[in-house]
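Worksheet: the structure to be examined is printed underneath.
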Amino acid sequence: MRVWRLMRMLFSLVLLAVPALAQLSFTDQTVQAGIDFVHVGGGKDKGFILEAHGSGAAFFDADADGDLDLYMVNGSTFSSYEQGSGNVYYRNDGGRFVDDTAHAGLGDRRWGAGVAVGDVDGDGLRDLYLTNYGANALFLNSASGQFVETASGAEGGDFSASAAFVDYDRDGDLDIYVTNYVAFDIQPLLKDPSFWDPCVYLGGLRVFCGPVGLPGGEDRLYRNDGSGEFVDVTEGSGIAAANDHYGLGVVPEDFDADGDMDLFVANDERANVLWRNDGGHFVDVAMQAGVAFNIDGEEESGMGVDVGDYDGDGDGDIFVTNFYGETNTLYRNDGQLQFVDATSSSGLAAPSVEYLGWGAHFFDADSDGDLDLFSVNSHVYPQVDQASTGGGYAQRNQLFRNDGGSYVQVDGGPGLAVKAVSRGTAGGDYDGDGDLDLLVTNLDQAPTLLRNDTDSSNGFIAVDLLGKGLNRYGVGAQVGVCVNGQTLLRTVNSGSGYLGANALRLHFGLGESARAEWVSVRWPGGARDTVYAVAAGTVLRLSEGGEN
């Protein structure tokens with residue numbers, strides 16, 4: 001299958017045009033911001049699939065002081081997989097980060113993968129759910145930046161990847177969906193570290209095996225019982241009906257606009273899944289909706305996923321990153337749960353086919369009101385650097401400017417020139433200057449903190465939500481901002497991209513407009529609140545039932 005895709009890739013490269021440049025500019029501020037974290041992900045040669053998937057990160061306000069702190073998830077090695085170097089928590093101190101891991105109690109040392117952010121117990125503090133190889137972990141925020149691991153019932157014991165908080169049953173609290181990748185047994189390696197049974201890739205390269213040939217992981221759905229403790233409802237919810245895939249990315253969204261949250265899952269070398277929520281019971285409608293495969297009817301190697309209304313028509317479109325030799329895939333939502341593969345027509349096919357994608361992020365880089373697109377890239381096999389085909393192991397990431405509903409790859413400034421073995425991404429305005437910055441996690445390396453230095457006079461509005469009940473930050477709420485008669489839509493989302501969590505604050509670019517006509521919130525329970533005539537530069541804090 002991948003040999004055929006490689007032939008298609010070589011043909012597509014002939015058609016690749018030189019991308020137009022824009023004024024978007026990002027600079028690497030990792031060292032200057034005080035980040036000294038270095039990821040650990042197994043051995044140098046990546047002989048086994050567990051070593052290749054990387055780890056994620058989260059931007060979130062852990063200590064409720066109004067700025068974005070940073071949490072870095074770390075991996076481990078086979079010799080110390082339950083006692084690795086540990087995760088690192090950085091407190092934001094005026095745009096610089098200070099390692100406050102010990103004080104926060106967040107130095108978990110298991111083989112980590114992903115992180116999701118949400119308030120699970122309704123105390124107004126942001127909690128963390130960590131996915132690992134083995135037992136996952138819930139850390140409750142007990143005192144504005146101090147965390148305590150708690151037995152939650154959502155630990156599992158799998159090879160987990162991405163996770164997302166979602167109120168799937170509309171009872172007012174946050175439940176958890178967890179993607180699980182493959183069934184991988186570490187015990188033979190602990191007994192005999194020299195054990196290696198490789199597979200063969202392009203050019204005869206000897207590489208790790210999988211995911212094909214390995215049993216698929218079974219995704220899990222955990223229901224919050226209202227106290228922050230969780231019950232595994234995978235069977236009763238319908239999730240078990242299509243649950244032997246190689247799950248990597250997940251994003252919740254109300255795709256059919258019926259008031260409850262659906263779930264899209266990106267699977268590696270298997271059909272994607274679109275779980276339609278029918279009153280708390282899920283049915284996979286990916287095939288009927290047109291998002292199971294690409295336009296050619298092929299399974300792809302889904303890694304990361306994000307949802308955004310890139311064409312401004314009022315519904316959530318889906319972007320999925322895929323393997324080298326495939327294109328990344330953009331599914332345009334045409335309403336009524338019907339999607340069209342718009343990868344080629346949007347300009348994303350040829351630029352992505354020579355890369356291997358991981359993290360994905362819709363965001364308004366230049367505050368002009370539409371959603372640009374960021375794709376994180378690198379290969380899975382270090383061995384590809386020994387061959388003339390297959391793409392490099394370290395790769396550049398890609399930034400695409402939205403040009404009226406089509407995408408144009410742009411230079412992106414010196415930060416986009418960085419080549420690394422990148423995996424996850426998180427987005428948020430860490431320096432508080434009104435534009436959105438990016439954090440990229442890198443396998444076996446320091447992360448890359450990309451500060452948005454775009455020179456733009458465009459205005460913006462930022463929106464923070466405070467909901468009633470246990471879902472205090474309005475996870476799942478949809479916010480609309482009307483600018484010059486056009487409505488911009490965003491959803492408060494606790495999990496998207498790949499293994500990471502973006503800031504819960506929503507950012508709306510206003511372009512040259514001095515104000516928005518109105519800002520409206522549809523809360524997860526269905527209630528609506530609207531405020532009018534909001535000036536550019538406003539950080540709007542909205543409480544359910546009235547403005548703060």
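The number of heavy-atom neighbours closer than 6.0 Å to CG of Asp185, taken from other residues, nucleotides and ligands shown, is above 12. The environment of CD in Gln32 is crowded: more than 12 heavy-atom neighbours from other residues, nucleotides or ligands sit within 6.0 Å.
For His103 and Phe147, the gap between ring centers reaches or exceeds 6.0 Å. Here the two rings, on Tyr355 and Tyr324, have centers that are 6.0 Å apart or farther. For an aromatic pair to be called close, the ring centres must be under 6.0 Å apart, and His507 with Phe363 fails this. Under the 6.0 Å cut-off for aromatic ring centres, Tyr181 and Phe159 qualify, their centroids lying closer than that.
At a threshold of 4.0 Å, the pair Arg220-Asp158 counts as salt-bridged, since one of the basic side-chain nitrogens sits closer than that to a carboxylate oxygen.
A donor-acceptor pair shorter than 3.5 Å cannot be found between the side chains of Asn87 and Thr101. Thr491 and Asn493 share no donor-acceptor pair across their side chains, judged by distance under 3.5 Å alone. Between the side chains of Thr77 and Ser79, at least one donor N or O lies within less than 3.5 Å of an accepting N or O.
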side-chain contact (heavy atoms from CB on, under 4.5 Å), that's the test. Do Phe59 and Asn502 meet it? Break it down for me. CA-CA 6 Å; Phe59 275 130; Asn502 303 316; over 6 Å; no
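Taking the side chain as every heavy atom from C-beta outward, Phe48 and Trp196 approach each other to under 4.5 Å. By the 4.5 Å heavy-atom criterion applied to side chains, Ser55 and Thr441 are not counted as neighbours.
Using a distance-only test at 3.5 Å, with no hydrogens or angles considered, a donor-acceptor pair links the side chain of Asp69 to the main chain of Asn92. Under the 3.5 Å distance criterion, the side-chain polar atoms of Gln478 are left unmatched by any main-chain donor or acceptor of Val521.
We find the CZ-CG distance between Arg91 and Asp67 to be 9.0 Å, quoted to the nearest 0.5 Å.
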